[in-house]
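Since the model is a prediction, treat every value here as computed from it, not as a measurement.
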Amino acid sequence: QVQLVESGGGLVQAGGSLRLSCAASGRTSSIYVMGWFRQAPGKEREFVARISVSNNIKLYGDAVKGRFTISRDNAKNTVYLQMSSLKLEDTAIYYCAAGKNWGDSAASYETWGQGTQVTVSS
């Protein structure tokens, strides 16, 4: 019932910034947590950030702490990922995910977006 669509990916220079968006539609009332994951070629999907829809609690993966910020706009059913001080190793496909329970693993999320490519160049 829930559908997620990511947008905002692209090519950015190292040290630059980029903001990703994730728009949720359908039965959004069932969503408890929204998260961002990323996956680089040949690597497993990595947790980036998550946010509670109800109480705005935020958590970040170690690799992005201090550089990325997750936020939400409940009126628009949209979650954002503001990425700053981007590094080459941030290059990956970024996925938005929605879940009914609080968790830090991909298995905790029931619905996934199609992904948006972020490429950081030197």
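Side-chain N or O atoms of Lys58 include none that pairs as donor or acceptor with a backbone N or O of Ser71 at under 3.5 Å. Of the possible polar contacts, one joining the Thr91 side chain to the Leu88 backbone as a donor-acceptor pair under 3.5 Å is found. Not a single donor-acceptor pair under 3.5 Å links the side chain of Gln3 to the backbone N or O of Ala24.
For residues 57-77, no residue pair satisfies the ring-ring contact (aromatic ring centres under 6.0 Å, His included) rule, not counting sequence neighbours. Residue pairs meeting the salt bridge (Lys or Arg N to Asp or Glu O under 4.0 Å) criterion with at least one partner in residues 64-79, sequence neighbours excluded, are Asp62-Lys65, Arg67-Asp90. Among residue pairs with one or both ends in residues 84-104, none qualify as ring-ring contact (aromatic ring centres under 6.0 Å, His included); sequence neighbours excluded. For the salt bridge (Lys or Arg N to Asp or Glu O under 4.0 Å) condition, the pairs that include at least one residue of residues 40-57, sequence neighbours left out, are Arg38-Glu46. Counting only residues at least two apart or in different chains, disulfide (SG to SG under 2.5 Å) contacts with residues 54-122 comprise Cys22-Cys96. Applying the disulfide (SG to SG under 2.5 Å) definition to pairs two or more places apart or across chains, none involves residues 32-90.
Neither Phe47 nor Leu86 shares a network with the other; the hydrophobic side chains, linked directly or stepwise wherever heavy atoms of I, L, V, M, F, W or Y lie under 4.5 Å apart, form separate groups for each. Put simply, Val79 and Val33 are part of two different groups of oily side chains (I, L, V, M, F, W, Y) that touch within less than 4.5 Å, one to the next. Under the 4.5 Å side-chain heavy-atom criterion for ILVMFWY residues, a single connected hydrophobic cluster contains both Ile31 and Trp36. Linking Ile, Leu, Val, Met, Phe, Trp and Tyr residues whenever their side-chain heavy atoms come within less than 4.5 Å leaves Ile57 and Val64 in two separate clusters.
Side-chain contact check for Val48 versus Leu81: some heavy-atom pair is nearer than 4.5 Å. Between Ser121 and Leu11 there is a side-chain heavy-atom pair separated by less than 4.5 Å. Between Gln1 and Ser30 there is no side-chain heavy-atom pair separated by less than 4.5 Å.
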List the atom pairs, with distances to 0.1 Å, where a side-chain N or O of residues 111-120 and a protein N or O form a donor-acceptor pair under 3.5 Å, not counting sequence neighbours.
unit_1 : atom_1 : unit_2 : atom_2 : d
Trp112 : NE1    : Tyr109 : O      : 3.4
Gln114 : NE2    : Glu6   : O      : 3.1
Gln114 : NE2    : Glu6   : OE1    : 3.4
Thr116 : OG1    : Gly9   : N      : 3.2
Gln117 : NE2    : Ala92  : O      : 3.4
Gln117 : NE2    : Thr119 : OG1    : 3.3

Indicate every side-chain donor-acceptor pair of residues 12-19 with a distance under 3.5 Å to a residue at least two apart or in another chain.
unit_1 : atom_1 : unit_2 : atom_2 : d
Ser17  : OG     : Ser84  : OG     : 3.4

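Ser7 is linked by a side chain to side chain contact (heavy atoms under 4.5 Å, CB included) to Ser21, counting only residues two or more places apart in sequence or in another chain. Considering only residues two or more places apart in sequence or on other chains, Ser54 meets the side-chain hydrogen bond (donor to acceptor under 3.5 Å, both in side chains) condition with Ser52. For Ser105, the side-chain hydrogen bond (donor to acceptor under 3.5 Å, both in side chains) criterion is met by Ser108, not counting sequence neighbours. In terms of the ring pair (Phe, Tyr, Trp, His ring centres under 6.0 Å) criterion, Tyr80 has no residue partners (sequence neighbours excluded).
Annotation: the span from Ile51 atom CD1 to Leu59 atom CG amounts to 10.0 Å, rounded to 0.5 Å. With values rounded to the nearest 0.5 angstrom, Asn55 atom CG is found 5.5 Å from Tyr32 atom OH.
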